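In what follows, a structure is listed as C-alpha cells, so that the remarks can point back to it.
Keep in mind the model is a prediction, meaning the values are calculated, not measured. Numbers for residues simply follow the sequence, beginning at 1.
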Amino acid sequence: MTILIKNALVYSGNCFDKKDVLIIDSKINKTGAFVSCDGADRVINAQGKYLIPGFVDVHVHLREPGFSYKETVKTGTDAAAKAGYTAVCTMPNVNPAPDSIEHMKAQTDIIKRDAKIKVYPFASITKERKGCGELVDFESLKDVAVGFSDDGCGVQSEEDMKLAMEKCAALGKIISAHCEVNELLHGGYIHDGEYCKSHGHKGICSESEWAQVERDCRLAEETGCQYHVCHISTKESVEIIRNAKKRGVNVTCETGPHYLTLCDKDLKDEGRFKMNPPLRSEEDKIALLEGVLDGTVDVIATDHAPHSAEEKAKGLKGSAMGIVGLETAFPVLYTKLVKTNFISLEKLIYMMSVRPREIFSLGGGKIEEGETADLALLDLDEEYSVNSDTFLSMGRATPFEGWEVQGRNVLTICEGEVVYETV
C-alpha cells in the first residue's frame, strides 16, 4: 500500500511544518514539499490538518479474557483507533491474570486475532494479581510483557515490592504501579473531601495513594529499578515524584484527563463520576497541572476502564470503579489545556505520543524517513458535544458527557494501514 498525504501540518517536535508525507508499505518513505508519487494507491489532501505520531495510551483495560461483556480487544482497539491511538498497553486485571506464559498466551492469542492497533500487555507482579503472596516468574515473562503491574491493587508488602524491583532491575524491565494501601481505604469510594462529608459518603484518603508512592520511590532508588507510577491524583504524589526525580531516581508517572480537568466539586451522584483513584480536591488538581508544566508528570494516560451499563447505574456508592476515556482524551485536553493557552499543542502531543514511547521503549514517535508509519491526522477546527452514544467502546460511562469540545481525529494509520478514517 502506497499512501501520499499532501499539505499536512506535520509535527516535528517543537513545531508543525507544512509537508507532504509518502508512505510505502509500513514505513515513511519520504517527507517534504511537493512530494509526488504517480503510483500512489491513496492520495489524501490534509490541508489545514495536523499530522502527528499516533497517540500511545500506556494504561487501558481491554477486559479480555474474562470480562468480554464490559469490552473486547476488538471494541477497545476500534475505539482507540477512532481516537488516534496506534498503540495501547493493556492492564492485567483479566481472567486468568497474566501471571504465567500460559495465561499470557490466552490474552495474546485474542490480541493477535482481533486488535486493530498495536497492543502491549502487562504481566502481573503477583500470582493471580493479588497484590500479595507469591511473585510471578519475571524471567519467563520478560519477553512477552511490556512491563509488570498489579493494576487494580497495590503491592501491599514492602518486602515483595523490593524483591520484584530487584528482579525487574536485573532484567531491564519496568514496574508500572497502582499505588494503594488497603488498610487505609476503610470502605471508601470517593475522595475524603468536602463533597464526601456534606453528602454522607465514605471517603478515600489521599495517604492511601501517596504513602505507597513514597515507599516505592525509596525502593526504586535502592534497587535501580525503572519505576512508573500509574494514575497519580494527589498533590503529595506530585511532590514525592518531583523530589525523587531531583535525586536521580528512575521514576516516571502518568495522570488522567479527568484529574486535570475535574475535582470533587464537580461530583454528581452518578456512576460516571466514580473511578479509582477518585477525583480529588481542587488543590490536588492544581498540583497535577503544575506537574504537567514542570515535567514532573510525564504522560497523560486515560485509564480507560469500561463496565456494563448496569454496573455503572448505581450511583457513587454502588457503581463499579472506572470510566471510559479513549474517545474523549484528546478533545477534552485540547479544549481545556491548549485552547486556554495553559500548554502548547506540541507539549500535549509530546505527552500523549512521544514520551510514552520513550518510557516503555516502544520505538517511533517521529515523522521521518525510515520510521514506521504510525500516524494520526487531527482536525482542530471541528466543534461538537461529547455524546457517549457515538462511542465505539462498549463502555459509556464518561464524566465528560455533554461537554462542548474542539478537535477530532479524522485518520489513523498503523504500520502503513488505514485503521480509521472520516476524511
Side-chain angles (χ1 to χ4, degrees), residues 1-11 16 18-31 35-57 60 62 71-88 114-119 302 304 324-334 345 348-349 352-353 364-367 371-394 405-423:
M1 172 71 77
T2 301
I3 302 172
L4 177 59
I5 302 174
K6 292 192 68 66
N7 305 312
L9 295 163
V10 178
Y11 174 81
F16 288 85
K18 190 170 185 178
K19 292 182 183 178
D20 303 335
V21 176
L22 178 64
I23 300 164
I24 299 180
D25 297 328
S26 64
K27 299 291 185 179
I28 297 171
N29 178 267
K30 191 182 296 185
T31 70
V35 169
S36 63
C37 183
D38 294 336
D41 299 297
R42 291 273 317 264
V43 178
I44 297 167
N45 184 5
Q47 184 73 40
K49 297 181 177 63
Y50 292 72
L51 190 68
I52 66 165
F55 297 131
V56 177
D57 195 334
V60 304
L62 297 183
E71 186 82 288
T72 66
V73 168
K74 182 183 184 305
T75 59
T77 57
D78 279 345
K82 176 185 174 185
Y85 290 89
T86 55
V88 296
D114 293 341
K116 182 68 68 71
I117 60 170
K118 297 171 183 176
V119 177
T302 67
H304 176 81
V324 294
L326 286 167
E327 292 166 86
T328 56
F330 176 75
V332 164
L333 293 167
Y334 178 70
L345 177 60
L348 181 59
I349 301 308
M352 294 182 69
S353 298
K366 297 179 181 179
I367 306 179
E371 291 286 336
T372 300
D374 292 337
L375 305 167
L377 187 65
L378 306 176
D379 182 346
L380 299 184
D381 294 326
E382 187 166 352
E383 299 179 3
Y384 56 100
S385 299
V386 173
N387 178 1
S388 61
D389 289 340
T390 67
F391 289 175
L392 296 185
S393 169
M394 291 168 62
V405 295
Q406 186 170 335
R408 191 195 295 271
N409 176 63
V410 295
L411 176 75
T412 307
I413 296 174
C414 187
E415 294 192 329
E417 296 290 329
V418 175
V419 293
Y420 176 80
E421 64 177 316
T422 62
V423 292

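In this structure the side chain of N29 never reaches within 4.5 angstrom of the side chain of I23, judged on heavy atoms. Between D374 and I413, the closest side-chain pair of non-hydrogen atoms is not below 4.5 Å. Put simply, the side chain of K30 does not reach to within 4.5 Å of the side chain of K19, judged on heavy atoms. Two residues are said to be in side-chain contact when any heavy atoms from C-beta on lie closer than 4.5 Å; S393 and T75 fail this criterion. Residues V88 and H304 have side chains not in contact (no heavy-atom distance under 4.5 Å, counting atoms from C-beta outward). Within the 4.5 Å cutoff, the side chain of L326 has heavy atoms near those of the Y85 side chain. At a threshold of 4.5 Å between non-hydrogen side-chain atoms, the residues F391 and V324 count as touching. Put simply, the side chain of T422 does not reach to within 4.5 Å of the side chain of L411, judged on heavy atoms.
Rounded to the nearest 0.5 Å, atoms CG (N7) and CD1 (I44) are 12.0 Å apart. Expressed to the nearest 0.5 Å, how far CD1 of I5 lies from CG of N45 amounts to 11.0 Å. Separation of atoms OG1 (T412) and CG (L375) is listed at 9.5 Å; rounding is to 0.5 Å. Taken from CZ in F330 to CD1 in I52, the straight-line distance is 6.5 Å, to the nearest 0.5 Å. Between atom CD1 of residue I28 and atom OG1 of residue T372 there is a gap of 8.0 Å, rounded to the nearest 0.5 Å. Between the CD1 atom of I24 and the OG1 atom of T2 there is a distance of 5.0 Å, given to the nearest 0.5 Å.
Summarising the geometry of P331 relative to G407, their closest heavy-atom pair is CB-O, 3.3 Å, with the distance given to 0.1 Å. Summarising the geometry of S353 relative to P53, their closest heavy-atom pair is OG-O, 2.9 Å, with the distance given to 0.1 Å. Here the closest non-hydrogen pair linking N409 and L377 is OD1-O, 3.1 Å. In this structure, G416 and M1 approach most closely via the heavy-atom pair O-CG, 4.1 Å. Heavy atoms only, all atoms of each residue included: Q406 and Y334 are closest at O-CD2, 3.1 Å. Taking all atoms of both residues into account, the shortest heavy-atom contact from I117 to A80 is CD1-CB, 3.6 Å.
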side-chain contact (heavy atoms from CB on, under 4.5 Å) between R42 and V418: does it pass, once the steps are laid out?
CA-CA 10 Å; R42 291 273 317 264; V418 175; 4.1 Å; yes
Step-by-step side-chain contact (heavy atoms from CB on, under 4.5 Å) determination, T86 to V419
CA-CA 9 Å; T86 55; V419 293; 5.8 Å; no
Residues V73, K116; criterion side-chain contact (heavy atoms from CB on, under 4.5 Å); working and verdict
CA-CA 8 Å; V73 168; K116 182 68 68 71; over 6 Å; no
Could you walk me through whether V10 and V21 satisfy the side-chain contact (heavy atoms from CB on, under 4.5 Å) test, starting with their C-alpha distance in whole Å, then the side-chain angles of each, then the deciding distance to 0.1 Å, before giving a yes or no?
CA-CA 9 Å; V10 178; V21 176; 4.0 Å; yes
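Under 4.0 Å is where a charged nitrogen must lie from a carboxylate oxygen, and between K49 and E382 no such pair does. Look at E371 and K27 and you find no salt bridge, because none of the NZ, NE, NH1 or NH2 atoms lies under 4.0 Å from a carboxylate O. Salt-bridge annotation for K82 and D78: absent, with no side-chain N of the basic residue lying under 4.0 Å from a carboxylate O of the acidic one. The pair K6-D20 meets the salt-bridge criterion, with a side-chain N (NZ, NE, NH1 or NH2) lying under 4.0 Å from an Asp/Glu carboxylate O.
For E327 (side chain) and A83 (main-chain N/O), no donor-acceptor pair under 3.5 Å exists by modelled atom type.
In this structure, the ring-ring contact (aromatic ring centres under 6.0 Å, His included) partners of F16, at least two apart in sequence or on a different chain, are Y11, Y50. In terms of the side chain to side chain donor-acceptor pair (under 3.5 Å) criterion, T77 has no residue partners (sequence neighbours excluded).
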